[in-house]
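Below is one structure, written out as structure tokens; the observations come after it.
One is the number of the first residue; the rest follow in order along the sequence.
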Amino acid sequence: MKLFKFRICFILILISIYSGSSAAGLWFTIGKDKVQDTTSYVSLFAEDNQRCFKCHGQERYEYTNPTLGRQIKANMCSERIVHKSEFYASNHKSFSCTDCHSQEYTKFPHA
């Protein structure tokens, strides 16, 4: 019975520490100054990525097909739409789109 009471007390102490008590506040603020503020983050590749977001950031895209000599307008496939705000909020924010996605295999010309 004493062991059961000890376990209950121990669990209650852990809950109180991690639920926002002053000790928990101290615990979670250690190293807080090392966390990067992502709201003002500017990617080194923002200009390069903007070329991709020009089409892939919209539901509709258009480009000039030199073979046909006319402007092509179409709907972007929903799996290929990349929202800029979501991209820069993700772990991909420090990459260029072309780090993984080569422009060589795409069938549409890129401006």
Note to self: For Phe95, is there any backbone N or O sitting under 3.5 Å from a side-chain donor or acceptor partner on Asn49?
What the structure shows: yes
Checklist line | Heavy-atom closest contact (Tyr88 atom, Ala46 atom, distance) | finding: OH-CA, 3.5 Å
Margin query: For a side-chain contact (heavy atoms from CB on, under 4.5 Å) check, start with the C-alpha distance between Ser94 and Leu44, then their side-chain angles and the critical distance, and finish with the verdict.
Written below: CA-CA 7 Å; Ser94 60; Leu44 297 173; over 6 Å; no
Item checked: Residues forming a side-chain hydrogen bond (donor to acceptor under 3.5 Å, both in side chains) with Ser43, sequence neighbours excluded -> none
Note to self: Can you classify the ring geometry of His92 versus Phe87 as parallel (below 30°), tilted (30 to 60°) or perpendicular (above 60°)?
What the structure shows: parallel
Please tabulate, one pair per line, all N/O donor-acceptor pairs under 3.5 Å involving side-chain atoms of residues 73-84, not counting sequence neighbours.
from: Asn75; atom 1: OD1; to: Arg60; atom 2: NH1; distance (Å): 2.8
from: Lys84; atom 1: NZ; to: Gln50; atom 2: OE1; distance (Å): 2.8

Item checked: Glu47 atom CD: more than 12 heavy-atom contacts under 6.0 Å -> no
